[in-house]
J.: 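One structure follows; several queries about it will come next.
Excluded from the calculations below are hydrogen atoms, water molecules and symmetry mates; all remaining heavy atoms, backbone and side chain alike, are included.
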Amino acid sequence: MNLRTLLPTLLLAASTLTPALTQAADPVLRFAILGDAEPKPKAEFPGLAAAVGHINHLTDTLDLDFVIGIGDIAHKGTELQYQAVTPVLQRLTLPFYPIMGNEEHGSTVERYMHYAQLWNQDKVELEGPSYVLEFEKLALVMASPDEGRDFHDDGVAWVKQQIQQLHPKPVLLVVHGAPVGTFPEGADKGIHHPGFAEISTQPNLVAMISGDLHMDLNRTEHSKQIDGVHHLHIPALERTKIPDEDNHVPMFRVLTVLDDDQVVVDTYQVGLDGPLERHDYRFTLER
């Protein structure tokens, strides 16, 4: 089942801007992005819990509209992990729009959907694992994999259809794993389906947002443009794997759309005030 949710965009109050900035572009949409959590061996989520608290705090100053998740929350989709993470995600004050990852496919879609609804209790209702969030300036196609990290023929067809139906509106595609080869640090993992190459050629696809690889942003190329499409890696909150597992720093990213069609991607280290300037990334909604 698909959900096409039309949400209003909100302009941030300009009263706190300094005179030098009053002529600058204004934000019209801003959301946080959570990466992989799925801890092991214990069902404990300290990085995710700290990120939830950080995002709740930012909501008061940045007027965040919602939070999205790129999958892999419950390791192997076990009941124990789902039960442990649910009260953590329920502490989010904003609506949470997740997709599935390969870990959730360790169990059933039905189990995932049951807990995804609990995470959003009294906020929003998700009708299925894949859906569309449409706004005035752009749309997010939230595409859960059909199996593991990959898509079946009908899954690829669904993603392509959504993007084409939204044309000419710019689209950000949210997937768990990027197309294979996008990030050479984990070149063997990701979307293998040959038909997915057609997705990248859609003229209104501006960016893909993915996680899965657990890359250390300080030691990898985490944001790049390939054939006109921007690829943004979202770091894992509980475990870093690439280039090694020796150094883990929980981070999340915040994406801001401005009224002049500029997009700003900020990266926050959990617990620190202000974005990390070295990871700043920007692009426009024009492909």
Side-chain angles (χ1 to χ4, degrees), residues 1-6 29 31 33 35 68-71 97 99-102 105 128-213 215 220-234 253 255-258 260-265 281-287:
M1 298 177 65
N2 306 326
L3 170 67
R4 183 176 298 273
T5 306
L6 182 62
L29 186 70
F31 57 90
I33 314 170
I68 69 172
I70 51 75
Y97 293 101
I99 61 170
M100 297 181 72
N102 58 286
H105 274 298
S130 297
Y131 48 96
V132 173
L133 303 174
E134 187 174 357
F135 306 92
E136 180 181 349
K137 278 192 169 291
L138 80 165
L140 276 69
V141 174
M142 310 289 292
S144 289
D146 295 312
E147 181 179 1
R149 300 173 174 86
D150 221 329
F151 290 84
H152 297 159
D153 290 348
D154 55 350
V156 173
W158 181 85
V159 173
K160 184 177 178 180
Q161 180 184 43
Q162 305 314 306
I163 296 173
Q164 290 179 336
Q165 288 178 344
L166 288 160
H167 186 271
K169 180 168 288 187
V171 168
L172 309 183
L173 175 59
V174 180
V175 287
H176 177 60
V180 166
T182 300
F183 298 102
E185 295 87 349
D188 60 326
K189 289 185 176 181
I191 301 169
H192 286 261
H193 194 294
F196 211 83
E198 292 186 31
I199 302 298
S200 297
T201 66
Q202 300 305 306
N204 57 323
L205 177 65
V206 176
M208 287 193 205
I209 301 171
S210 65
D212 184 42
L213 298 179
M215 297 198 314
T220 57
E221 186 181 2
H222 52 72
S223 306
K224 62 179 71 175
Q225 186 180 25
I226 302 175
D227 296 332
V229 177
H230 297 272
H231 292 269
L232 310 175
H233 177 73
I234 308 303
R253 309 191 84 171
L255 190 146
T256 303
V257 181
L258 303 175
D260 65 353
D261 291 344
Q262 298 293 311
V263 180
V264 179
V265 183
Y281 189 76
R282 298 167 186 251
F283 60 95
T284 73
L285 292 178
E286 294 182 7
R287 175 158 172 168

J.: Considering only heavy atoms from C-beta outward, does the side chain of Leu255 approach that of Leu232 to under 4.5 Å?
T.: yes
J.: When rounded to the nearest 0.5 angstrom, what is the spacing between CZ in Arg253 and OH in Tyr281?
T.: 9.5 Å
J.: List the steps, then state whether side chain to side chain contact (heavy atoms under 4.5 Å, CB included) holds for His233 with Thr220.
T.: CA-CA 10 Å; His233 177 73; Thr220 57; 5.7 Å; no
J.: Suppose we screen for salt bridge (Lys or Arg N to Asp or Glu O under 4.0 Å). Which residues come up paired with Asp260, at least two apart in sequence or across chains?
T.: none
J.: Look up atom CG in Leu172 and atom CD1 in Ile68, then write down how far apart they are to the nearest 0.5 Å.
T.: 8.0 Å
J.: Out of curiosity, His152 NE2 to Glu147 CD, how far, rounded to the nearest 0.5 Å?
T.: 4.0 Å
J.: Kindly write out the residues that satisfy side chain to side chain contact (heavy atoms under 4.5 Å, CB included) with Ala178, not counting sequence neighbours, or none if the list is empty.
T.: Thr182, Phe183, Ser210
J.: So, for Leu205 and Val171, which heavy atoms are closest and what is the spacing to 0.1 Å?
T.: CD1-O, 3.7 Å
J.: Nearest 0.5 Å, please: how far is CD in Gln225 from NE2 in His231?
T.: 9.0 Å
J.: I'd like to check Asp146 versus Trp158 (side-chain heavy atoms, cut-off strictly below 4.5 Å). Are they in contact?
T.: no
J.: Applying salt bridge (Lys or Arg N to Asp or Glu O under 4.0 Å), which residue pairs with at least one partner in residues 180-191 are found, sequence neighbours left out?
T.: none
J.: Taking salt bridge (Lys or Arg N to Asp or Glu O under 4.0 Å) as the cut-off, I'd like each qualifying pair that reaches into residues 157-168, sequence neighbours left out, listed once.
T.: Lys160-Glu198
J.: Would you please classify the geometry between the Tyr97 ring and the Tyr131 ring as parallel, tilted or perpendicular, with 30° and 60° separating the classes?
T.: tilted
J.: How far apart are the closest heavy atoms of Val132 and Ala139, and which atoms are they?
T.: CG1-CB, 4.5 Å
J.: If you look at every heavy atom in Ala143 and Ile99, which pair is closest and at what distance?
T.: O-CD1, 3.7 Å
J.: Can you check whether Val206 reaches Leu138 side chain to side chain, under 4.5 Å on heavy atoms?
T.: no
J.: Given the rule in the side chain to side chain contact (heavy atoms under 4.5 Å, CB included) test, do Leu140 and Ile209 qualify, once you have shown the distances and angles that lead to the verdict?
T.: CA-CA 10 Å; Leu140 276 69; Ile209 301 171; 5.6 Å; no
J.: Return yes if some donor-acceptor pair links the side-chain N/O of Ser130 with the main-chain N/O of Ser144 below 3.5 Å, else return no.
T.: yes
J.: Would a distance-only check, ignoring hydrogens and angles, find a side-chain to backbone donor-acceptor pair under 3.5 Å from Asp261 to Leu285?
T.: no
J.: If I take atom CG from residue Leu29 and atom CG from residue Leu133, how far apart are they, to the nearest 0.5 angstrom?
T.: 9.5 Å
J.: How close do Val156 and Ile199 get, heavy atom to heavy atom, and via which atoms?
T.: O-CD1, 3.8 Å
J.: Tell me, please, which residues at least two apart from Asn102 pass side chain to side chain contact (heavy atoms under 4.5 Å, CB included).
T.: Asp72, Arg149, His176, Asp212
J.: Does His193 use its side chain to pair, donor to acceptor, with the backbone of Gly195 at less than 3.5 Å?
T.: yes
J.: Any heavy-atom pair between the side chains of Phe283 and Val229 that's under 4.5 Å?
T.: no
J.: Please round to the nearest 0.5 Å and tell me the distance separating atom CD of Glu286 and atom CD of Gln262.
T.: 8.5 Å
J.: Heavy atoms only: give me the nearest Glu221-Met215 pair and the separation to one decimal.
T.: O-CE, 4.1 Å
J.: Quick one: list whatever passes side chain to side chain contact (heavy atoms under 4.5 Å, CB included) with Asp227, sequence neighbours left out.
T.: none
J.: Can a donor-acceptor pair be found, under 3.5 Å and without considering hydrogens, that links the side chain of Lys169 to the backbone of Phe135?
T.: yes
